[in-house]
Q: 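A single structure is presented below for examination.
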Amino acid sequence: MAAPTEADCIFCKIVAGDIPATVVRETERTVAFRDINPQAPTHVLVIPKAHYPNAGALAAAEPELAAALLTEAAEVAAEEKIAESGYRLIFNTGAGAGQTVFHAHVHLLGGERFHEGLV
Ligand code: AMP
């Protein structure tokens, strides 16, 4: 069972309001905020408020909360008006895949021509 928060986790600090973030949506169990280093015109991170180190650990422990990240990502895409033009959801898992923050999160990437040059 995951701890609800972890002391040195930057995303737990955002959930707690201890460090600022540009929050675009919040539910009882999730928060969506703009990535500080955007890789696309729209780049939002959707996270569970509870601390899990990655998406797989979250899904194993709380599958309905993992599903809620996808629901929330779709809601943010609609609010950001990129649902029709298209968007990409990415879960990096492990340092070898580029994960740098070990609190589960999904990247929502979209906006004009963002995908050119990507896989
Ligand atoms: P990942 O590489 O999948 O672990 O993604 C972590 C993401 O968190 C990166 O895209 C960072 O730019 C982003 N990030 C790190 N610190 C913050 C912060 N304080 N506020 C918003 N985004 C952040």
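Whatever order the structure lists them in is the order used to number ligands and atoms, beginning at 1. We number each residue from 1, following the sequence as shown.
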Q: Among all protein heavy atoms in this structure, tell me which lies nearest to atom 13 (C) of ligand 1, with the distance rounded to 0.1 Å.
A: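 The protein heavy atom lying closest is Asp35 OD2, 3.3 Å.
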Q: Among all protein heavy atoms, pick out the one at the shortest distance from atom 16 (N) of ligand 1; state its residue, atom name and that distance to 0.1 Å.
A: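 The closest one turns out to be Ile10 CD1, 3.9 Å.
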Q: Is Arg34 in contact with ligand 1, taking contact as a heavy-atom separation below 4.0 Å?
A: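 Judged by the 4.0 Å heavy-atom criterion, Arg34 does count as contacting ligand 1.
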Q: Heavy-atom count around Glu26 CD within 6.0 Å, excluding the residue itself: above 12?
A: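 Yes - once you tally the heavy atoms of other residues, nucleotides and ligands closer than 6.0 Å, there are more than 12.
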Q: Find all atoms of ligand 1 within a distance of less than 4.0 Å from any non-hydrogen atom belonging to Asn37, and give their numbers and elements.
A: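 Checking each atom against Asn37, I get 12 (O).
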Q: At under 4.0 Å between heavy atoms, which part of Ile90 makes contact with ligand 1: side chain, backbone, both or neither?
A: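 For Ile90, there is no contact with ligand 1 at all, from either part.
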Q: Below 4.0 angstrom from a heavy atom of Asn92, which ligand 1 atoms are there? Numbered from 1 as shown, please.
A: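 Counting atoms of ligand 1 from 1, those under 4.0 Å from Asn92 are 1 (P), 2 (O), 3 (O).
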Q: Taking all heavy atoms of Arg34 and all of Val44, pick out the closest pair and write down the distance.
A: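 Heavy atoms only, the tightest pair is NH1-CG2, 3.8 Å.
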Q: Give the contacting part of Phe102 toward ligand 1: side chain, backbone, both or neither, where contact means a heavy-atom distance below 4.0 Å.
A: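 None of Phe102 does.
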Q: Determine the minimum heavy-atom distance between Ala32 and Val76, stating which atoms define it.
A: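 The answer is CB-CG2, 3.8 Å.
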Q: Please tell me if the side chains of Thr42 and Leu109 come closer than 4.5 Å, counting only heavy atoms from C-beta onward.
A: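 No. Closest side-chain heavy atoms not under 4.5 Å.
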Q: Is any side-chain heavy atom of Gln99 closer than 4.5 Å to one of Asn54?
A: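 They are in contact (side-chain heavy atoms under 4.5 Å apart), so the answer is yes.
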Q: As an exercise, identify every atom of ligand 1 less than 4.0 angstrom from a heavy atom of Val101.
A: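 Here the atoms of ligand 1 in question are 4 (O), 6 (C).
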Q: Going by the atom numbers of ligand 1, which of them fall below 4.0 Å from some non-hydrogen atom of Gly98?
A: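 Close to Gly98: 1 (P), 2 (O).
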Q: Quick one: nearest non-hydrogen protein atom to atom 4 (O) of ligand 1, plus distance?
A: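 Going by distance alone, atom 4 (O) of ligand 1 is nearest to Thr100 N, 2.7 Å.
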Q: Any N or O on His43 sitting closer than 3.5 Å to an N or O of ligand 1?
A: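 Not met; the criterion fails.
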Q: Please identify which atoms of ligand 1 are closer than 4.0 Å to at least one heavy atom of Phe11.
A: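 Counting from 1, the qualifying ligand atoms are 8 (O).
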Q: Among Ile36, Leu109, Thr22, which residue places a heavy atom closest to atom 17 (C) of ligand 1?
A: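 Nearest option to atom 17 (C) of ligand 1, by heavy atoms: Ile36.
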Q: Is there a heavy atom of Phe91 sitting under 4.0 angstrom from any atom of ligand 1?
A: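 No, that is not the case, since the closest heavy atom of the residue is not under 4.0 Å from the ligand.
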Q: Measure the CD-CG distance between Glu64 and Leu58 for me, rounded to the nearest 0.5 Å.
A: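 It is 8.5 Å, given to the nearest 0.5 Å.
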Q: Once rounded to the nearest 0.5 Å, what's the spacing between atom CZ of Phe33 and atom NE2 of His43?
A: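 Between Phe33 CZ and His43 NE2, I get 9.5 Å after rounding to 0.5 Å.
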Q: Show your reasoning for whether side chain to side chain donor-acceptor pair (under 3.5 Å) applies to Tyr87 and Glu80.
A: CA-CA 11 Å; Tyr87 57 89; Glu80 297 282 320; over 6 Å; no
Q: At a 4.0 Å threshold, what atoms of ligand 1 neighbour a non-hydrogen atom of His107?
A: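 In order of number, 1 (P), 3 (O), 5 (O), 7 (C), 10 (O).
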Q: Just which atoms of ligand 1 are under 4.0 Å from any heavy atom in His105?
A: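 With His105 as reference, the close atoms of ligand 1 come out as 1 (P), 3 (O), 4 (O), 5 (O), 6 (C).
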Q: Got more than 12 heavy atoms from elsewhere within 6.0 Å of CG, Asp18?
A: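 Correct, the count exceeds 12.
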Q: Please tell me whether His105 and His103 form a close aromatic pair, meaning their ring centres lie under 6.0 Å apart.
A: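 For His105 and His103, the ring centres are not under 6.0 Å apart.
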